[in-house]
Amino acid sequence: MTLALHNTLTRRLEPFQPLAPPRVTLYTCGPTVWNYAHIGNFRTFLFEDLLRRYLEFSGYDVFHIMNLTDVDDRTIKAAAAAGKRLEEHTAPFVEAFFADCDYLRIRKAHVYPRATQSVPAMVRLVQRLLDAGVAYRGEDGSVYFAIAKFPSYGRLSQLDRREIKIGARVASDEYAKDDPRDFALWKRADPIDERVGAAWDAPFGRGRPGWHLECSAMSLDQIGKCCRVETLDIHAGGVDLIFPHHEDEIAQSEAATGQPFARYWLHGEFLKVGGTKMSKRFGNFLTARDLREQSVDAAAVRLLFSQTHYRRALDFSDEALAAAGQGVKRLGEFRDRLVRAGGPATPDGRLAALAARFESDFRAALDDDLNAPRACAALFELVHDGNGALDAGAAGGAVARDALDRAMAVLDVLPTPRAVEPGFAGWVDERIAARDKARGAKDFREADRIRAELKAKGVEIEDTPSGTKWRMV
RNA sequence: GGCGCCGUAGCCAAGUGGUAAGGCAGAGGUCUGCAAAACCUCUAUUCGUCGGUUCGAUUCCGACCGGCGCCUCCA
């Protein structure tokens, strides 16, 4: 079994073969830190987290680069509106982004190059394109990429099969370009750029990088430094980036290096709300901090997103999130039960057999273009059959627990342990002891009263053959 | 107008040219003092509609209806 991934470049499922295994260079388009990222943005980052984790699970040595776009039109506009310098405005959003990633258990990239700190690499790339004759200075002083000089332009987005809508809108800089489709590599600095500190000197004029340029320059810079290559194994992002962002990245990068920019392009679908794309523009968004403030377990978000394939739009709702929360709880209960089911395995090896089947199904599902919904189905089959085996007296939970834990290195959907104050835990134990005493004396009214008392404090109890268990809900 | 995606039970959602995974919710049962948890049973003869190809289609083709996305900042 080998991993196959859907490559946007070919619109096909392809066996995954990195340039120099076991190394895999992975570049994922990160957030634009002009504001808080919403969970639609995080759906993409979580899909990339799944990809990253599964590559590592499969034995690859992943070098993961995620950029932070801290200078672009929106960032400048927002900084100017707030009367702040660029870095002053973006700093809290950068911090919030990392906090949100931690909350959602997103594995850290190895490097987070920032656009404002990568200007020299961008200037070098623009110069290289000017030298190669595929870029030119427009009448407005900006530098543009000449699409006519790059014949394969449009391959990723199948632009060759499209018609550009004529007369829909006329870009303000259109008069400065040779061809309306040409895009800016370097934008001449205007007074607002200067005011917020978004302007740098370059041989071809003082200005700032175009959005597409940032990703090309940062990714090539990073993989050049780490691996001395000019081709990424995987480049991933949201579907909305296919055109023009990724198309333009390919043009710039390949025109400069003469090498394929990325071998595999992966794109995650949108998160929707009531049938419409979640977007800042529509105001129908929810941030990770909103969920955290509602005490939503990040595991529920992870499970919810894992239960829909990454190339399929997912409609978000509180009901769906709550349903995932129930699933997470069930997984946690099962793992606790496995831990309690110690001792040597029963002779028929039921749990071991279930664990083996699960691991095989789990891999097969994820090998098939990261089919996490199927992996989740395998997981719940393990829970169901495992519970049945335990009910029937199977012991030796360690095998199944190990299999579960290995899978969790990829999905990571077990409940977040709740921190409980020692004093509170002591009080709960005391109450439970009192209840057990009442139960022993057949005083069930008192026992039920104590249970209600605990419930009011958020403590749920469960009587088991080995005593009374409790948990926070 | 161009390009593309989707339409599967109450909700969410996999999937296959050979007769529908999984999760949540619901009903009944076992267990329990009662619960909880867990397990058992039940819950789509059917996969938007209409045609076509086929021995056979939810799965392939066509048309239509409905929803969405990109073509402009966008995860």
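The figures that follow rest on heavy atoms only: side chains count, while hydrogens, waters and symmetry mates do not. In what follows, chains are A, B, ... by sequence order, proteins preceding strands, each numbered from 1.
Salt-bridge annotation for A:Asp405 and A:Arg335: present, with a side-chain N of the basic residue lying under 4.0 Å from a carboxylate O of the acidic one. Using a 4.0 Å cut-off between a side-chain N of Lys or Arg and a carboxylate O of Asp or Glu, A:Asp190 and A:Arg208 do not qualify as a salt bridge. Note on A:Glu446 versus A:Arg449: salt bridge recorded, some NZ/NE/NH1/NH2 to OD/OE distance being below 4.0 Å. A salt bridge is absent between A:Asp102 and A:Arg292; no separation between the charged side-chain nitrogens and carboxylate oxygens falls under 4.0 Å. For the pair A:Arg188 and A:Asp193, the salt-bridge criterion is not met [side-chain N within less than 4.0 Å of a carboxylate O]. Between A:Arg451 and A:Asp448 there is a salt bridge, since at least one side-chain N of the basic residue sits less than 4.0 Å from a carboxylate O of the acidic one. Classification of A:Asp73 and A:Lys187 as a salt-bridged pair holds, one side-chain N sitting under 4.0 Å from a carboxylate O.
Of the two residues near RNA chain B, A:His384 and A:Cys376, the one whose nearest nucleotide lies more 5' is A:Cys376. Both A:Phe444 and A:Asp240 sit near RNA chain B, but only A:Phe444 has its closest nucleotide nearer the 5' end.
Of the candidate nucleotides B:G4, B:C70, B:A38, B:G4 has the atom lying nearest to any side-chain atom of A:Gln158. Among the nucleotides B:G22, B:C70, B:A38, the one closest to the side chain of A:Ala377 is B:G22.
Counting any heavy atom pair closer than 4.0 Å across all strands shown, A:Thr464 reaches no nucleic acid atom. Across all strands shown, A:Lys272 has heavy atoms under 4.0 Å from sugar-phosphate atoms exclusively, and none from any base. Looking at heavy-atom distances under 4.0 Å, A:Leu271 makes contact with a base. Residue-level contact check: A:Arg471 touches the backbone only, with heavy atoms under 4.0 Å from sugar-phosphate atoms and none from bases. Using a 4.0 Å heavy-atom cutoff across all strands shown, A:Gly237 reaches sugar-phosphate atoms only and no base atom. Backbone-only contact: A:Glu381 has heavy atoms under 4.0 Å from sugar-phosphate atoms and none from a base. Among the protein residues, A:Arg311 comes within range of no part of the nucleic acid, since none of its heavy atoms lies under 4.0 Å from any strand. Nucleic acid contact for A:Arg439: base, since at least one base atom lies under 4.0 Å from a heavy atom of the residue. Residue contacts for A:Leu390: at a heavy-atom cut-off of 4.0 Å it reaches no nucleic acid atom on any strand shown.
With hydrogens and angles ignored, a donor-acceptor pair closer than 3.5 Å exists between the side chain of A:Asp448 and the base of B:G33. Side-chain to base pairing of A:Asp463 with B:C34: one donor and one acceptor N or O lie within less than 3.5 Å of each other. Side chain A:Arg451 to base B:A35: a donor-acceptor pair is found below 3.5 Å.
Nucleotide B:A75 holds its C1' atom 14 Å from the CZ atom of A:Phe282, rounded to whole Å. Rounding to whole angstrom units, CZ of residue A:Arg11 and C1' of B:G4 are separated by 8 Å. Spacing between atom CZ of A:Phe305 and atom C1' of B:A14 amounts to 18 Å, rounded to whole angstrom units. One atom, CH2 of A:Trp470, and another, C1' of B:A35, lie 19 Å apart when rounded to the nearest Å. One can place NZ of A:Lys469 at 15 Å from C1' of B:U32, the figure rounded to the nearest angstrom. A straight line from CZ of A:Arg181 to P of B:C70 spans 21 Å, rounded to a whole angstrom. When the P atom of B:A14 is taken as reference, atom OH of A:Tyr310 falls 13 Å away, rounded to whole Å.
If you check B:U49 for Watson-Crick or wobble pairing at under 3.5 angstrom, you find it paired to B:A63. With a 3.5 Å ceiling on both atom-pair distances, the Watson-Crick or G-U wobble partner of B:G26 is B:C42. Nucleotide B:A9 forms no Watson-Crick or G-U wobble pair with any nucleotide shown, as no partner meets the under 3.5 Å limit on both distances. Nucleotide B:U54 is matched to nothing when pairs are restricted to Watson-Crick or G-U wobble geometry with both distances under 3.5 angstrom. Of all nucleotides present, only B:C71 satisfies the Watson-Crick or G-U wobble test against B:G1, with each distance under 3.5 Å. In this structure, B:U19 makes no Watson-Crick or G-U wobble pair, since no nucleotide meets both defining distances under 3.5 angstrom. Nucleotide B:A37 is matched to nothing when pairs are restricted to Watson-Crick or G-U wobble geometry with both distances under 3.5 angstrom.
When each of A:Trp265, A:Tyr153, A:Phe261 is checked for a ring pair (Phe, Tyr, Trp, His ring centres under 6.0 Å) with A:His246, only A:Trp265 meets the rule. Shown are A:Leu5, A:Leu55, A:Val410; of these, the side-chain contact (heavy atoms from CB on, under 4.5 Å) with A:Leu370 is made only by A:Leu5.
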Distances under 3.5 Å between nitrogen or oxygen atoms of protein and nucleotides 10-13 of chain B:
residue : atom : partner  : partner atom : Å
B:A13   : O2'  : A:Gln307 : O            : 3.4

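B:C55 and B:U16 are spaced 23 Å apart, taking the P atom of each and rounding to whole Å.
Atom CZ of residue A:Arg363 and atom CG of residue A:Asp368 lie 15.0 Å apart, to the nearest 0.5 angstrom.
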